[in-house]
Every structure is written in structure tokens, then in C-alpha cells.
Amino acid sequence: MSFRPLHDRVLVRRVKEEEKTKGGIIIPDTVKEKPQEGEVIATGPGTLGDDGKRVALDVAAGDRILFGKWSGTEFTIDGEELIIMKESDILGVVETKTGGKKK
């Protein structure tokens, strides 16, 4: 199944969090928080501006993003847990020190 977001919505896959701390301590599932970092899978075409022209989104598929703890709506497509959220729920794009986007 394919999914195409509408308007200014973004489809996001959470990134996997480490199972251990840097010191080697294994973190049990009961105390783990869901990561607030994800990868953009798909974006909508954007919103219409006051002049009637389409305003494109600032994020694109493949971008690594940070979002708020309670942002978006979680759902499952083909057994994969995904989140759909408005672009305004995105706090920022994670970039590498060289200036490129983190992949």
C-alpha cells in the first residue's frame, strides 16, 4: 500500500533508539521513551498561500527531523508504525557538521 499525505502534512518513521547506554547498560522497554527523532517518508504538496499559489514545505523525503513528544497521530501501514503530522509540529531538521542533512 502507498500513502500520500495531503496539504502540509508529513509522513514520518521514528528512528530506532539505542538498546544500550554508552556505558553498556541495557535499557529495558518499560523505561524507554519513544524517540522524538524521525525520517520523513513522504510529504504533501504544501498549502495554498493568500495569493492562491502553492507554498512548498521546508522538509523533503529523506530528511532527519526532530518533533515534539505529543506531535502527530500514530498509525500502522503494512505492519510498520508511522506518524502523520503537520509541518508546524516539526521542530527542526538534523544536519551534520559539514552542513549536509544527516542520513
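- Partner of V40 under the side chain to side chain contact (heavy atoms under 4.5 Å, CB included) criterion, out of L57, D63, L11: D63 alone.
- Atom CD1 of I65 sits about 9.5 Å away from atom CD of E39, to the nearest 0.5 Å.
- At distances below 3.5 Å, at least one donor-acceptor pair connects side-chain atoms of R54 with backbone N or O atoms of G46.
- Between atom CD1 of residue I83 and atom CD of residue Q36 there is a gap of 10.0 Å, rounded to the nearest 0.5 Å.
- Note on F3 and L82: same hydrophobic cluster, where clusters join Ile, Leu, Val, Met, Phe, Trp and Tyr whose side-chain heavy atoms are under 4.5 Å apart, directly or indirectly.
- The two residues P5 and I84 have their closest heavy-atom pair at CB-CD1, 4.0 Å.
- For the atom pair CG of L91 and CD of E37, the computed distance is 11.5 Å after rounding to the nearest 0.5 Å.
- Counting heavy-atom neighbours within 6.0 Å of D50 CG, excluding the residue itself, gives a total of 12 or less.
- Ion pair R14/E81 not flagged as a salt bridge, since none of the NZ, NE, NH1 or NH2 atoms sits closer than 4.0 Å to an Asp/Glu carboxylate oxygen.
- I41 and F75 fall within a single hydrophobic cluster, where Ile, Leu, Val, Met, Phe, Trp and Tyr are joined by side-chain heavy atoms under 4.5 Å apart, directly or via other members.
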